[in-house]
Structure formats: C-alpha cells, structure tokens
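Values in this document were obtained by computation on a predicted structure and should not be read as measured data. Residue numbers start from 1 in every chain, and the chains themselves are labelled A, B, ... in the order their sequence lines are given, proteins ahead of strands.
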Number of protein chains: 2
Amino acid sequence: MSLPHAILTALLEKPSSGLELTRRFDRSIGYFWSSTHQQIYRELGKLERSGQIRALPSAQPARGQKKEYEVLPAGREELAAWIALPEDPRPVRDPLLLRMRAAAVVGAEGLGAELRRHLALHRSQLEEYLRIEERDFPPERTADEDRLRHIVLRGGIDMETFWIGWLTRALADEPVLREGPAALDEPAPAEG
Amino acid sequence: MSLPHAILTALLEKPSSGLELTRRFDRSIGYFWSSTHQQIYRELGKLERSGQIRALPSAQPARGQKKEYEVLPAGREELAAWIALPEDPRPVRDPLLLRMRAAAVVGAEGLGAELRRHLALHRSQLEEYLRIEERDFPPERTADEDRLRHIVLRGGIDMETFWIGWLTRALADEPVLREGPAALDEPAPAEG
DNA sequence: TGTAGCATGTAAATTGTTACATGATTGC
DNA sequence: GCAATCATGTAACAATTTACATGCTACA
C-alpha cells in the first residue's frame, strides 16, 4: 500500500496538480511506482481529507480548473516513518516466467516471438535509463539526495540488464524458442 | 490477469485439490506467481463453471471433503493460446526503490537497516533456488520441458542475483545508509 | 459556435487481501 | 467425547483497471 507515499514523495519534490502528477507517474517516479490518473485523484482526495496535503491557496475549487497540492508537516512525518517500517519484498508475480512454465506442459508455440519482443522493449528501456543517467548524474555531483536518486536509477538499470541477460541466454540456449516470428514472405503481422 | 492460467498450468502438471494447489503456490509455481487459498478456490469455481476444468469423478461434492480437479481440453487450449498472446512487461512497482526515492527528500533514517534485511532475505532465496537447481536439474537431463523449467528457475536465480548485487553496491557506496540498526551509545537521533 | 485538448472527476468490474466460518478425519 | 488438523469455503474490504462523464480554455 504505497501509492499515498509515492504521491507524497512526488509532491515534496515539486507541488503539482493531479494531471501533472499523472504525467510524472508516466516517467520519473513512474519508473518504479506506476499509477493512473483515476487512482491519483482518488488518493489526492483522501490525503487532503486526512490533513497530509492541501490545495495551494491560489487554486480554484471548481471542476475543470487546475488545482495544485503541497505536502503538510503531517504528510512529511508519515513519509519519514514509512521509510523505516519493515516491509518484506513482494512475492514475485511475473506473467512471462509463468508463460514459460506453461509452455513446458502445452508447448512453446509463439513464446519465442514474445521473448524477442520483450528483449527489444527491455533494451529500449535500458537505453532510456542510461540517457537519464548521463544527463542527470554527472560524476562530480555529490549531494545526498542526488546520490540516493542515482542509486534508485541504478536499480532500474540493473533490473533491465538482468532481463536482457536472461532473455538473451534463453533464446541462445533453447532450440524450441527459435521459431521465426513470422515467415518473411507472408503479409506483415497485424498489430492491435 | 494470469491467475487462471497459473492454476491451469499447475493442474496440468498434476491434478490437485484446492489445498494442494495452495501449497504449491507457496513454492514451485508460487516462486513466480503467488496466490492465496481464497483466490484459488474462487478461481477454481469460475474455471469449473466455464468448462475448463472438472472435479474428478471420485470427489464428493460435500463441504470439508477433498475435491480434486483436472484440466479439460478447453482449458488446455486456452492456456496454449495465452502463451502466444502479446503482453507487455508489467510496469515496475517496487516499494523498496520508492522508499529510497522518498529518502532522498525526507532523509534516509532507518532505510539502511531495511536494505540489510532485504539483502539477507534475497541471499536466502537465492540459496534455495540453487539447492533446487542442484536437485532437479543435473547436467545430463535434456527433455524439452525440463530445459524450459530450468530456464524459468534461472530467471529466479538471476533476479535474486540482481537484487543482491544492487543492494550490496548501494550499502558499500552510500554513507547515509551506513547507520547502525540503532546507535549503541547515543539516544535515538531526533528527526524534524 | 464548434471542436480539440486540458483538467478533474465518477462508476463499475476485477483482482487481491484479511478475517472468519464450517465440515470431515484422526489420534488420544 | 475432544482437540488438532485437514479441507473447503464466505464475507468484507482494499487496491487496481477500464470506461465513461463533465467542465474549462483557446482558437479557427
């Protein structure tokens, strides 16, 4: 149950409206805690009612009107307390690993193509992380927050590297995953 | 939405009752698709009503009585079709990375201890996977299903290895994570 | 004035979690 | 008989996803 904490973190980094938060949950914060605008608006309402955030005075209370929030002391305290709270790693729940296990009983038809597709996606995500690293974390920076944020980004980099390595090795080692994605002289596969 | 597929896979590997499935979702299948008995019973009901599985004839329909299920052809087809279905990797949602990002704005008090705790948990999980690998996948085995299941297990091994590497490096590099679990000769540091 | 895009929301359905309830079987 | 354990479930709630609804602003 970390969505409120993700929102508090984002708002401490920079006071924002719901839509601005939504956009930041598509990059930045969103790289390790994804969310949608529906969840965000609902949670902003809860956080406001519980006195952890407030709308900036300038904001109109009308619908369709931009409404910016900032974190109150109670919210900051809640966040600091949460950081130290013991919480075990989530049990893994990964559809791709599950599909491969299923393939062991009903056949790997079509799985090789999916692995190659995922490999491309992870490579592209890794490239994006590396661009961000180059842009935001030049070697000379040493403020505490920068170093911690850099470690977080390295988490993303290492995770993508893990997927790329695992997928590459699986495809290289395993003959049953080597079927072509579609014959070259057939019409292009439809995309939805 | 993969729980039904996880159950179909588990039942194809071996027809089972709800409780037996629950136990296998605590190890084996559960290493990459976790679930609880409540979800499992609910889903078994749905799968039975939709004709993808059936209770074995021997099973009594009484409460408290063991009831074993097996997969019907429709279930096997559904599973085979699902394997080839394009499905993007889930967006990451990791509380530990989020906590570190939060620590960059409100301070890392207590976070180092959590990282060390997680490091120990991941090391122990890795050891378990390596024991399973040694026991179930000796070098000479070469059946298709065994090789695929071995690749899945290697996914778990590589993932734990990634976490261990990232945590180790973070703890080694970052001074603000080096606080003791509680200072031995000081009162607990106040935090504003 | 109409339409595209910005911005904030509501509603419903699904999925996942936590706590509890009930019946059967086994060993004492 | 009774307690422990096996086994199957219900109920209530929380989190997440998907689809839709509404109001504002700019601009052609």
Side-chain angles (χ1 to χ4, degrees), chain A residues 1-7 10-11 15-26 29-30 32-50 53-56 58-69 82 87-95 98 192, chain B residues 1-8 10-11 15-26 29-30 32-50 53-56 58-69 82 87-95 98:
Chain A
M1 212 272 297
S2 310
L3 176 57
H5 303 108
I7 290 177
L11 287 180
S16 306
S17 67
L19 193 63
E20 282 161 7
L21 280 177
T22 301
R23 297 219 171 97
R24 290 165 64 197
F25 275 82
D26 279 336
I29 286 269
F32 40 92
W33 198 273
S34 69
S35 189
T36 61
H37 84 272
Q38 293 84 346
Q39 263 186 297
I40 288 167
Y41 282 115
R42 185 158 16 127
E43 203 63 40
L44 282 171
K46 277 196 214 168
L47 287 168
E48 189 176 23
R49 283 193 296 280
S50 73
I53 65 174
R54 66 164 183 184
L56 287 181
S58 66
Q60 311 299 326
R63 189 171 182 146
Q65 209 86 359
K66 191 154 123 178
K67 195 169 159 193
E68 294 213 299
Y69 294 93
W82 175 70
E87 188 184 336
D88 284 354
R90 300 272 172 103
V92 176
R93 213 173 252 178
D94 186 88
L98 179 57
Chain B
M1 214 272 298
S2 310
L3 177 57
H5 303 108
I7 290 176
L8 288 171
L11 287 180
S16 306
S17 67
L19 192 62
E20 281 161 7
L21 280 177
T22 300
R23 297 221 171 96
R24 291 166 63 197
F25 274 82
D26 278 337
I29 286 268
F32 41 93
W33 198 273
S34 69
S35 191
T36 60
H37 86 273
Q38 293 86 346
Q39 262 186 296
I40 289 167
Y41 282 116
R42 198 185 345 177
E43 204 61 40
L44 282 172
K46 279 196 213 169
L47 286 169
E48 188 175 24
R49 282 192 297 278
S50 73
I53 64 173
R54 68 163 181 185
L56 287 180
S58 65
Q60 312 298 326
R63 188 174 182 140
Q65 209 87 359
K66 189 155 125 177
K67 195 171 161 192
E68 293 212 301
Y69 293 93
W82 174 71
E87 188 184 335
D88 285 354
R90 300 272 173 103
V92 176
R93 214 173 252 178
D94 187 88
L98 179 57

- [ ] With heavy atoms under 4.0 Å as the rule, sort A:Ser17 into base, sugar-phosphate or nothing.
- [x] sugar-phosphate
- [ ] Could you pull out all residues at least two apart from A:Ser17 that satisfy side chain to side chain donor-acceptor pair (under 3.5 Å)?
- [x] none
Task: Length of the line joining A:Arg49:CZ and C:dG9:C1', which is rounded to integer Å - done: 13 Å
Task: Phosphate OP1/OP2 of C:dG9 contacted by A:Tyr41 side-chain N/O (<4.0 Å) - done: no
Open item on the list: Measure CD1/A:Ile7 against C1'/D:dA15 and give the value in whole Å, please.
Closed with: 13 Å
What are the atom names and distances for every N/O pair under 3.5 Å that joins the protein to nucleotides 15-19 of chain C?
from	atom 1	to	atom 2	distance (Å)
C:dG16	OP2	B:Gln39	NE2	2.7
C:dG16	O5'	B:Gln39	NE2	3.3
C:dG16	N7	B:Arg42	NH2	3.0
C:dT17	OP2	A:Arg93	NH2	3.1
C:dT17	O4	B:Arg42	NH2	3.3
C:dA19	N6	B:Gln38	NE2	2.7

Task: Pairing residues for B:Arg93 by the side chain to side chain donor-acceptor pair (under 3.5 Å) criterion, not counting sequence neighbours - done: A:Ser34
- [ ] Can you see which heavy atom on A:Tyr69 is nearest to which on A:Leu11, and at what distance?
- [x] O-CD2, 3.7 Å
Open item on the list: Output the rounded distance in Å from CG (B:Leu19) to C1' (C:dG23).
Closed with: 14 Å
Listing, residues 37-46 of chain B side-chain donor-acceptor contacts under 3.5 Å, not counting sequence neighbours, or none:
from	atom 1	to	atom 2	distance (Å)
B:Gln38	OE1	B:Thr36	OG1	3.4
B:Gln39	OE1	B:Ser35	OG	3.4
B:Tyr41	OH	B:Leu19	N	3.4

- [ ] Output all residues satisfying side chain to side chain donor-acceptor pair (under 3.5 Å) with B:Ser2, sequence neighbours left out; order by chain, then residue number.
- [x] none
TODO: Please report, rounded to the nearest Å, how far the C1' atom of C:dA7 is from the CG atom of A:Leu21.
DONE: 13 Å
Task: B:Leu56 CG - D:dT8 P separation (whole Å) - done: 12 Å
- [ ] Apply side chain to side chain donor-acceptor pair (under 3.5 Å) to A:Arg23 and list each qualifying residue two or more places apart in sequence or on a separate chain.
- [x] none
Open item on the list: Nearest whole Å is fine: how far is D:dG23 P from A:Lys67 NZ?
Closed with: 16 Å
- [ ] Take atom CZ of B:Arg23 and atom P of D:dT5, then tell me their distance rounded to the nearest Å.
- [x] 12 Å
Task: Atom-pair distance (CZ on A:Arg24; P on C:dA7), nearest Å - done: 15 Å
